> 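Handing you this structure, nothing more for now.
None of the values given here were measured: they were computed from a predicted structure. Each chain gets a letter, A, B and so on, in the order its sequence line appears, and its residues count up from 1.
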Amino acid sequence: MNVEGLIYASEKLIPSIRDDKSVEQVANVACLPGIEKYSLAMPDIHWGYGFCIGGVAATNPELGGVISPGGVGYDINCGVRLIRSHINYNDVKDQIATLVDQLFLRIPCGVGQEGCVSFKRSELSKVLENGSPYVVKKGFGWNSDIDNTEAGGCLKEARADLVSDRACQRGANQCGTLGSGNHFLEVQIVEEIYDQTAAQILGLAQGTLTIMIHSGSRGLGYQVCEDALKDLRGAPAKYGISLPDRQLVAAPVESKEGQRYLGAMRAAANFAWANRQIMTHLAREALESVLGESAESLGLHLVYDVAHNIAKMEPYEIRGKKRKLCVHRKGATRAFPPGHPEVPAQYRSVGQPVLVPGDMGRYSYVLVGQDAALEHTFGSCCHGAGRRLSRKAAIKASKGRSILNELRTRGVVARARGRRGLEEEQPEAYKDVSSVVEVVHNTGISRLVAKLRPVGVIKG
Amino acid sequence: MDPAFELFQHTADMGLRVLAPTLPELVLPATQGLYAAMGELKSRDTSQEELPFLFSGADPAHLLRDYLAELLFHFESKSCLVSSVTVENFTEEELSGHLLLCPVDEENSVYYSEVKAITYHQLSVIEKQSEQKESYYEATLIMDI
């Protein structure tokens with residue numbers, strides 16, 4: 001190991017962490033060339049490909065530091081966005097079912113579903129290089145959405161030319177689609193406020209509705225990762241990199257292979273932001289149609305959009321000098337503290353919003369990044385709960401039960417397109433995210449702002 | 001032994017195990033296994049596209065993985081399924097043949113899961129021997145769902 005491993009956890013979480021091989025994966029990542037400080041894992045750590053989910057690793061190109069597609073994942077820029085509103089739940093609770101139906105009708109979700117926009121290659125290249133600002137210009141949202149998206153919804157130096165035709169073919173019809181599996185769109189209530197000042201700054205008021213969208217780069221991103229894994233197959237041998245796990249396949253950041261992956265990954269990340277932006281627009285239209293008011297008057301503003309599968313070049317002080325490191329966040333969210341120049345000006349006094357979704361029966365959380373994140377975790381925080389049961393075990397556990405009815409009893413209106421969507425994604429299939437956010441709050445990485453309770457969900 | 005496949009659980013994803021007496025005979029049940037992971041898929045016979053395929057330069061496990069990744073691509077980009085596959089060659093270094101692709105019958109297909117990718121995790125094709133001393137091949141692949 002080149003550095004030590006450091007896992008953020010609590011006594012409650014440790015038994016489940018020991019259950020799978022994720023700790024071993026933290027140790028393996030610690031062997032990557034050029035890794036700085038620690039191989040980190042957030043409290044939602046669980047087994048992944050190469051890197052664990054919840055893994056954070058920063059490598060230094062000056063030391064031959066590497067970039068690894070496994071440190072990002074197949075779903076490049078899978079992430080979450082949160083839209084707030086002025087809508088008081090009590091005023092619309094009889095319309096929630098209708099609202100969820102409209103969202104389900106308007107937002108394509110599930111296998112084989114196509115988006116409302118289909119991009120030809122030339123226009124897709126613009127999406128890949130410009131991200132969500134491009135689709136906002138096309139009428140799919142507001143300029144303020146861009147200000148409240150991580151990286152302004154666009155990673156610079158994205159290379160559309162490095163995204164294969166194959167990836168473009170997979171993604172051309174999928175921009176503005178939710179996907180399936182653990183992707184979702186939720187209608188939520190702001191149930192509890194922990195930090196009144198921060199909540200006010202974020203525009204969150206108790207009892208109001210929010211919309212949370214969890215989705216990523218769809219088939220385009222998966223193919224970019226697939227292409228990179230093939231391109232990098234020979235890189236470890238070529239650059240003399242010894243890997244304890246072949247799934248950590250990597251190349252020096254500054255090598256041709258590393259730069260090819262970085263350029264294509266940035267393009268896929270931009271596609272994901274465009275994807276979530278189009279769905280935001282469709283969600284606004286759905287609420288307008290049911291509630292009979294404009295999205296502006298309903299106050300449907302974007303709180304923030306965060307990526308939780310990404311690699312970014314970020315400056316950190318290492319051995320007394322500012323150095324640009326390649327920060328891999330795989331199932332981990334950026335969490336910049338108050339005062340950081342990349343935090344939107346309106347939030348700079350409290351820190352960057354951190355969005356942590358739970359399962360569809362329990363809570364999601366909003367936090368804000370704090371100084372300890374920048375000092376200890378390369379500005380990173382957890383991203384969600386992590387699975388407790390395999391899909392097969394979840395389906396088995398649902399035999400003889402109606403998950404739809406159980407959710408209804410909990411006050412959640414659910415619509416799912418896939419035959420097994422609700423069964424596989426039932427609340428019991430996931431760990432309790434409260435235990436996860438407790439750790440990041442208590443260690444000062446991020447500070448709790450609000451708890452959100454689902455009242456409606458659509459899934460693929 | 002008859003070629004067969006089974007899907008097995010894997011925390012967040014899905015495993016596919018394929019058994020067959022020879023390497024070429026792994027291909028059809030692997031195809032069926034991928035589609036079974038995705039759902040109960042039906043195709044329309046209205047139009048068919050014949051496509052050759054050739055994967056080379058790797059070991060049988062990687063070749064089989066690359067083949068299934070190709071099927072995933074055809075499904076996502078063209079909404080097509082393999083209605084038949086002919087394997088001409090499957091050796092230590094090459095997998096080749098041709099496919100007949102048909103459009104998915106969306107009305108009569110039921111989807112379970114979106115397969116994002118065929119991973120390299122636990123990827124293997126191993127030659128084994130049964131209790132009756134017959135040799136057979138076992139392929140293991142993990143699909144990212």
> Evaluate whether atom CD of A:E123 has more than 12 neighbouring non-hydrogen atoms of other residues, nucleotides or ligands under 6.0 angstrom away.
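Yes, because the 6.0 Å sphere around CD of A:E123 holds more than 12 heavy atoms from other groups.
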> Can you name the closest pair of heavy atoms from A:Y74 and B:I118 and give their distance?
OH-O, 3.8 Å
> Are side-chain heavy atoms of B:K116 and A:C225 found at a separation under 4.5 Å?
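No, too far: nothing below the 4.5 Å cut-off.
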> Salt bridge or not between A:R166 and B:E70? Use side-chain N to carboxylate O under 4.0 Å.
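Salt bridge between A:R166 and B:E70, a charged N being under 4.0 Å from a carboxylate O: yes.
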> More than 12 non-hydrogen atoms from neighbouring residues, nucleotides or ligands closer than 6.0 Å to CZ on A:R18, yes or no?
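Atom CZ in A:R18 is not crowded, with 12 or fewer foreign heavy atoms closer than 6.0 Å.
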> Taking A:Q223, A:E226, A:R233 one by one, which has the highest count of heavy-atom pairs under 4.5 Å against chain B?
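Among the listed options, the one with the most contacts to chain B is A:R233.
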> Surrounding NZ of A:K396 (heavy atoms of other residues, nucleotides or ligands, distance under 6.0 Å), is the total greater than 12?
no
> Check each atom of A:D75 against the heavy atoms of chain B and say whether the ones under 4.5 Å are side chain, backbone, both or neither.
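The side chain, not the backbone.
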> Between B:E76 and A:Q169, is any pair of side-chain heavy atoms under 4.5 Å apart?
no
> Taking CD in B:E107 as the centre, count heavy atoms belonging to other residues, nucleotides or ligands within less than 6.0 Å. Is the count above 12?
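Open: at most 12 neighbouring heavy atoms sit under 6.0 Å from CD of B:E107.
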> As an exercise, state the distance from OG of B:S77 to CG of A:D165, rounded to the nearest 0.5 Å.
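Result: 11.5 Å between the selected atoms.
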> As an exercise, state the distance from OH of B:Y120 to CG of A:D245, rounded to the nearest 0.5 Å.
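That separation rounds to 13.5 Å.
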> Using non-hydrogen atoms only, which part of A:A429 is less than 4.5 Å away from chain B: side chain, backbone, both, or neither?
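For A:A429, there is no contact with chain B at all, as no heavy atom is under 4.5 Å.
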> Search all heavy atoms of A:E424 against all heavy atoms of B:Y112 and return the closest pair with its distance.
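Here A:E424 and B:Y112 meet closest at OE1-O, 4.5 Å.
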> Going by the rule ring-ring contact (aromatic ring centres under 6.0 Å, His included), which residues pair with A:Y49 if we only count those two or more places apart in sequence or in a different chain?
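Scan of A:Y49 (ring-ring contact (aromatic ring centres under 6.0 Å, His included), adjacent residues dropped) gives A:W47, B:H121.
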> Would a 4.5 Å heavy-atom cut-off, applied to side chains only, mark A:R170 and B:F75 as touching?
no
> How close do A:R246 and B:L123 get, counting heavy atoms only, and between which atoms?
NH2-O, 3.3 Å
> Can you name the closest pair of heavy atoms from B:D66 and A:K230 and give their distance?
OD1-CE, 3.6 Å
> Quick check: closest heavy atoms across A:G179 and B:E114, and the distance to 0.1 Å?
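Between these two residues, the closest heavy atoms are CA-OE1, 4.2 Å.
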> Roughly how far, to the nearest 0.5 Å, is CZ of B:F73 from OG of A:S164?
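Output value for this atom pair is 8.0 Å.
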